[in-house]
**Student:** 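Before I ask anything, let me first share the structure, which is written out below as C-alpha cells.
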Amino acid sequence: MSEILAGASAKRVCLAGATGTIGQATARALAARGYEVVSFLRRRPDRAAPEGARFVDFSDPASLAQDGFANERFDAVVSCMASRTGAPKDAWAIDHQAHVNLLEAAKQAGVQKFVQLSAICVQKPLLEFQRAKLAFEKALIESGLTYSIVRPTAFFKSLSGQIDRLRAGKPYLLLGDGALTACKPISDDDLGAYLAECLEDETRQNRILPIGGPGEAITPRQQGEELFRLLGLEPKFTRVPVAMMDVIIGVLRFLSPLSSRLADKAELARIGRYYATESMLWLNPETGRYDAEGTPSAGTETLFDFYAAVIAGGVAPDRGDHAVF
Ligand SMILES: NC(=O)c1ccc[n+]([C@@H]2O[C@H](COP(=O)([O-])OP(=O)(O)OC[C@H]3O[C@@H](n4cnc5c(N)ncnc54)[C@H](OP(=O)(O)O)[C@@H]3O)[C@@H](O)[C@H]2O)c1
C-alpha cells in the first residue's frame, strides 16, 4: 500500500464523472455537506483543469495512482462516471474497466468507502452496457471496501426529449399505447443528495439500492398528457408499433458486420427498444414483475414540476449523449 500523507481533511472524496449530469449534482451535494471534493477528470483539448480537479487517464492504473490519488489521503470514492454513448466497446472500457482500475487504485491508496452510481435496468440485463455495469458491481462487492451501489430509475433529462417537438406542433410519440411501461423519475439534485448521504448513512452501506423519486409511477402517455396541458395545446399522440422497432433493429443487425458504426447503431436501437418496453421500476424477483409500490422513493422534486419549469423557460434539460436513455 502507498504511503498516506497525514494532515489532510477528514472527509476528502474523490469524485469520478464530475462533469456529467448526476456528477455535477453530486459535487454540489457533497460540497453542501462539507466534504472536500477532488474531481478526477479525463484530459480533453477544450478543457482546463478547474480548481479542485485533477487530470487522470482512467485506462492507466499508474496514472490513477500518481496523477489522481498521488499518495494523499482520500476517505471515499464516489463514481458517477459512465460511457457517454452506451456502445458496447465504450461501455466495457468505462463502465467496467475504468472502474476496475479506479477501484484498484483506491484500495492501494487506503480508501475505505466506494459509492457507485449504477442503473436500475441492470436488474434485467439484456444489453452490453448493463453486463459491463454488473461486472463492475460484482468486483466492487468482492473488493472488501464498504460499498453502496445506487441503482436509480429514470432521470428527468431522459424524459424531456419531446418538449421541442410538441412546441413545434408535432404529436407526442408513444411506443404501443404509451402504457407499456412506467417509471418513478428522480431529479438530478435528489439523486446527488442520495449518493452523498450514502457516505454517512450506514443503512445504505454494503447494499444494492434501487431508488426512484417521489410520488406515483408515471407512464409515457401521462408524461405526454401533462406536457400538452402545460403547453396549453390539444393532446395529439402518434403510436409507433413495437414491431416497427424490431424491423429497424433487425435491418441494422443484419448490416452490422459491414461496419462498427452500423453495429453501434444497432446496439443503440436495441437500447431504445429496451427503454420503450421495460419499466424503470424495481423488479420483484418473486413475481418477475415490475413493482411501483416496492420501488423506494427519495427526494422531493417531481418530473411534472420540472416540466413546468422548462416550459416557463426557467431551466433547460441537459440532453447530452445519453438522450437515447
Ligand atoms: N439517463 C437515465 O435516465 C439513467 C437512469 C438510471 C441510471 N442512469 C445511469 O447514470 C449514469 C450517469 O448518467 P449521467 O447522465 O450523469 O452521465 P453523463 O452526463 O453522460 O456523464 C458521464 C460522465 O462520465 C465521464 N466519462 C465518460 N467517459 C469517460 C472516460 N473515458 N474517462 C473519464 N471520464 C469519462 C464523463 O466525463 P467527460 O465530461 O470527460 O465526458 C462524465 O463526467 C450512467 O451510468 C447511466 O447508465 C441513467
Side-chain angles (χ1 to χ4, degrees), residues 14-29 39-50 53-60 63-64 67-68 78-87 89-99 101-102 115-125 127-134 136-137 149-161 181 183-192 194-195 209-213 218 220 223 271-272 274-276 278-282 295 303 306 317-325:
C14 155
L15 178 62
T19 52
T21 306
I22 304 304
Q24 291 177 47
T26 305
R28 291 192 292 274
S39 303
F40 288 10
L41 308 179
R42 65 169 149 176
R43 197 178 289 281
R44 287 177 20 169
D46 57 338
R47 182 174 275 166
R54 295 174 184 183
F55 286 130
V56 299
D57 178 352
F58 284 90
S59 68
D60 177 5
S63 165
L64 279 162
D67 309 325
V78 177
S79 178
C80 301
M81 180 169 64
S83 158
R84 279 197 177 268
T85 63
K89 201 169 154 216
D90 202 41
W92 278 103
I94 310 306
D95 297 64
H96 179 251
Q97 192 58 50
H99 277 95
N101 296 344
L102 178 62
V115 177
Q116 175 65 15
L117 172 59
S118 184
I120 203 159
C121 61
V122 304
Q123 59 190 345
K124 188 169 177 184
L127 302 163
E128 276 311 294
F129 87 87
Q130 296 163 338
R131 295 186 188 106
K133 280 184 190 299
L134 271 179
F136 177 67
E137 285 191 3
I149 294 171
V150 177
R151 292 181 175 174
T153 59
F155 299 167
F156 288 4
K157 68 175 177 182
S158 304
L159 304 173
S160 305
T181 65
C183 64
K184 287 176 70 166
I186 186 162
S187 82
D188 302 350
D189 282 328
D190 283 340
L191 181 54
Y194 188 87
L195 287 159
L209 302 153
I211 192 72
I218 310 172
Q223 292 161 34
I271 292 173
Y274 185 99
Y275 286 102
E278 301 288 340
S279 288
M280 293 301 110
L281 295 172
W282 175 64
T295 307
L303 178 69
F306 176 76
D318 168 10
R319 295 291 295 140
D321 298 320
H322 269 185
V324 72
F325 294 68

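Only a predicted model underlies this, so the values are computations on that prediction, with no experimental measurement involved. Each ligand, and each atom within it, is numbered from 1 in the order the structure gives. Heads up: numbering here begins at 1 and tracks the sequence.
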**Student:** Does a side-chain heavy-atom distance below 4.5 Å link Cys121 with Phe129?
**Tutor:**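 Yes, their side chains come closer than 4.5 Å.
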
**Student:** Is it the side chain (CB and beyond), the backbone, both or neither of Ala82 that lies under 4.0 Å from ligand 1, heavy atoms counted?
**Tutor:**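 For Ala82, backbone and side-chain atoms both sit under 4.0 Å from ligand 1.
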
**Student:** Would you check if the side chain of Thr153 reaches a backbone N or O of Lys184 as a donor-acceptor pair within less than 3.5 Å?
**Tutor:**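 Looks like yes, one N/O pair under 3.5 Å.
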
**Student:** At what distance, to the nearest 0.5 angstrom, does CZ of Phe156 lie from CG of Leu191?
**Tutor:**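 It is 10.5 Å, given to the nearest 0.5 Å.
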
**Student:** Which of the atoms in ligand 1, numbered in the order shown and given with their element, are less than 4.0 Å from a heavy-atom of Arg44?
**Tutor:**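 By the 4.0 Å cutoff, the relevant atoms are 38 (P), 39 (O), 40 (O), 41 (O).
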
**Student:** Short N/O distance, under 3.5 Å, between Phe129 and ligand 1?
**Tutor:**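 No, there is no polar N/O contact under 3.5 Å.
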
**Student:** Under 4.0 Å from any heavy atom of Met81, which atoms of ligand 1 are there?
**Tutor:**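 In order of numbering, the contacting atoms are 24 (O), 25 (C), 26 (N), 33 (C), 34 (N), 35 (C).
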
**Student:** Please check this pair: side chain of Ser79 against backbone of Met81, looking for a donor-acceptor N/O pair closer than 3.5 Å.
**Tutor:**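 Yes.
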
**Student:** Report yes or no: does a heavy atom of Ile120 sit under 4.0 Å from some atom of ligand 1?
**Tutor:**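 Not so, Ile120 does not reach ligand 1.
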
**Student:** Which option, Arg151, Gln116, Arg84, owns the non-hydrogen atom nearest atom 20 (O) of ligand 1?
**Tutor:**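 Selected option, by shortest heavy-atom distance: Arg84.
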
**Student:** Residue-level breakdown please: for Ile94 versus ligand 1, do any non-hydrogen atoms fall below 4.0 Å on the side chain, on the backbone, on both, or on neither?
**Tutor:**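 Side chain only; the backbone of Ile94 stays clear of ligand 1.
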
**Student:** Hey, are Asp67 and Arg54 close enough for a salt bridge, meaning a charged N less than 4.0 Å from a carboxylate O?
**Tutor:**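 No.
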
**Student:** Side chain, backbone, both or neither: which part of Phe155 has a heavy atom under 4.0 Å from ligand 1?
**Tutor:**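 For Phe155, the contact with ligand 1 is made by both the backbone and the side chain.
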
**Student:** Checking Arg47 side chain against Phe55 main chain: does a donor-acceptor pair fall under 3.5 Å?
**Tutor:**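 A pair under 3.5 Å: no.
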
**Student:** Using a 4.0 Å heavy-atom threshold (strictly under), name the region of Asp90 that reaches ligand 1: side chain, backbone, both or neither.
**Tutor:**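 The answer is neither; Asp90 stays 4.0 Å or more away.
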
**Student:** Quick test of your reading of the structure: of Ala93, Ser118, Gly86, Ser59, whose heavy atom lies closest to atom 9 (C) of ligand 1?
**Tutor:**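 Minimum heavy-atom distance to atom 9 (C) of ligand 1 goes to Ser118.
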
**Student:** Donor-acceptor check, side chain of Asp95 to backbone of Lys133, threshold 3.5 angstrom: yes or no?
**Tutor:**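 The answer is no, because no donor-acceptor pair under 3.5 Å joins these two groups.
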
**Student:** Under 4.0 Å from any heavy atom of Gly20, which atoms of ligand 1 are there?
**Tutor:**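 Result: 18 (P), 19 (O), 21 (O), 42 (C), 43 (O).
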
**Student:** Does ligand 1 have an atom that lies less than 4.0 angstrom from a heavy atom of Arg47?
**Tutor:**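 Contact check Arg47 vs ligand 1: positive.
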
**Student:** Ile22 heavy atoms, cut-off 4.0 Å: which ligand 1 atoms fall inside?
**Tutor:**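 Listed by number with element, the hits are 16 (O).
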
**Student:** Quick one: list whatever passes side chain to side chain donor-acceptor pair (under 3.5 Å) with Asp188, sequence neighbours left out.
**Tutor:**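 Asp188: no side chain to side chain donor-acceptor pair (under 3.5 Å) contacts found.
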
**Student:** Go through ligand 1 atom by atom and flag the ones less than 4.0 Å from a non-hydrogen atom of Ala154.
**Tutor:**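 The list of qualifying atoms is 3 (O).
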
**Student:** Below 3.5 Å, N or O to N or O, backbone or side chain included: is there any such pair between Arg42 and ligand 1?
**Tutor:**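 Yes, at least one N or O pair falls under 3.5 Å.
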
**Student:** Using side-chain heavy atoms (C-beta onward) and a distance below 4.5 Å, is Ser118 in contact with Glu137?
**Tutor:**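 Of all side-chain heavy-atom pairs linking Glu137 with Ser118, at least one is under 4.5 Å.
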
**Student:** Of the backbone atoms (N, CA, C, O) and the side-chain heavy atoms from C-beta on, which set of Lys133 has a member under 4.0 Å from an atom of ligand 1: side chain, backbone, both, or neither?
**Tutor:**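 It is the side chain that touches ligand 1; the backbone stays farther off.
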
**Student:** Run the contact test for Ala98 against ligand 1 with a 4.0 Å cut-off on heavy atoms, strictly below, and give the result.
**Tutor:**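 Distance cut 4.0 Å: Ala98 fails for ligand 1.
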
**Student:** Could you list the atoms of ligand 1 found under 4.0 angstrom from a heavy atom of Phe58?
**Tutor:**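 Once the distances to Phe58 are compared, the set is 32 (N), 33 (C).
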
**Student:** Ignoring hydrogens and angles, tell me if any N or O in the side chain of Thr295 forms a donor-acceptor pair with the backbone of Trp282 under 3.5 Å.
**Tutor:**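 Here the side-chain-to-backbone pair exists.
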
**Student:** Out of curiosity, is Ser83 lining ligand 1, as in a heavy atom under 4.0 Å away?
**Tutor:**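 No.
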
**Student:** Quick check against the 3.5 Å criterion: does Ser279 have a side-chain atom that pairs as donor or acceptor with the backbone of Leu281?
**Tutor:**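 The answer is no, because no donor-acceptor pair under 3.5 Å joins these two groups.
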
**Student:** Below 4.0 angstrom from a heavy atom of Thr19, which ligand 1 atoms are there? Numbered from 1 as shown, please.
**Tutor:**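 Heavy-atom distances to Thr19 below 4.0 Å select 36 (C), 37 (O), 38 (P), 39 (O), 42 (C), 43 (O).
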
**Student:** Does Tyr194 reach the side chain of Leu209, with side-chain heavy atoms less than 4.5 Å apart?
**Tutor:**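 Side-chain contact under 4.5 Å: yes.
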
**Student:** One residue to check: Cys121. Relative to ligand 1, which of side chain, backbone, both or neither has a non-hydrogen atom less than 4.0 Å away?
**Tutor:**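 Cys121 to ligand 1: no contact under 4.0 Å from either part.
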
**Student:** Only heavy atoms of Thr153, strictly under 4.0 Å: list the atoms of ligand 1 that pass.
**Tutor:**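 Result: 5 (C), 6 (C).
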
**Student:** Do Phe155 and Thr21 come within less than 4.5 Å of each other through their side chains, counting heavy atoms only?
**Tutor:**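 The answer is no; the side chains never approach within 4.5 Å.
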
**Student:** Identify the residue among Phe58, Trp92, Phe40, Phe136 that makes a ring pair (Phe, Tyr, Trp, His ring centres under 6.0 Å) with His99.
**Tutor:**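 For His99, the ring pair (Phe, Tyr, Trp, His ring centres under 6.0 Å) test succeeds with only one of Phe58, Trp92, Phe40, Phe136, which is Phe136.
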
**Student:** Would you call Lys157 a ligand 1 contact, heavy-atom distance under 4.0 Å?
**Tutor:**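 Lys157 counts as a contact of ligand 1 under the 4.0 Å cut-off.
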
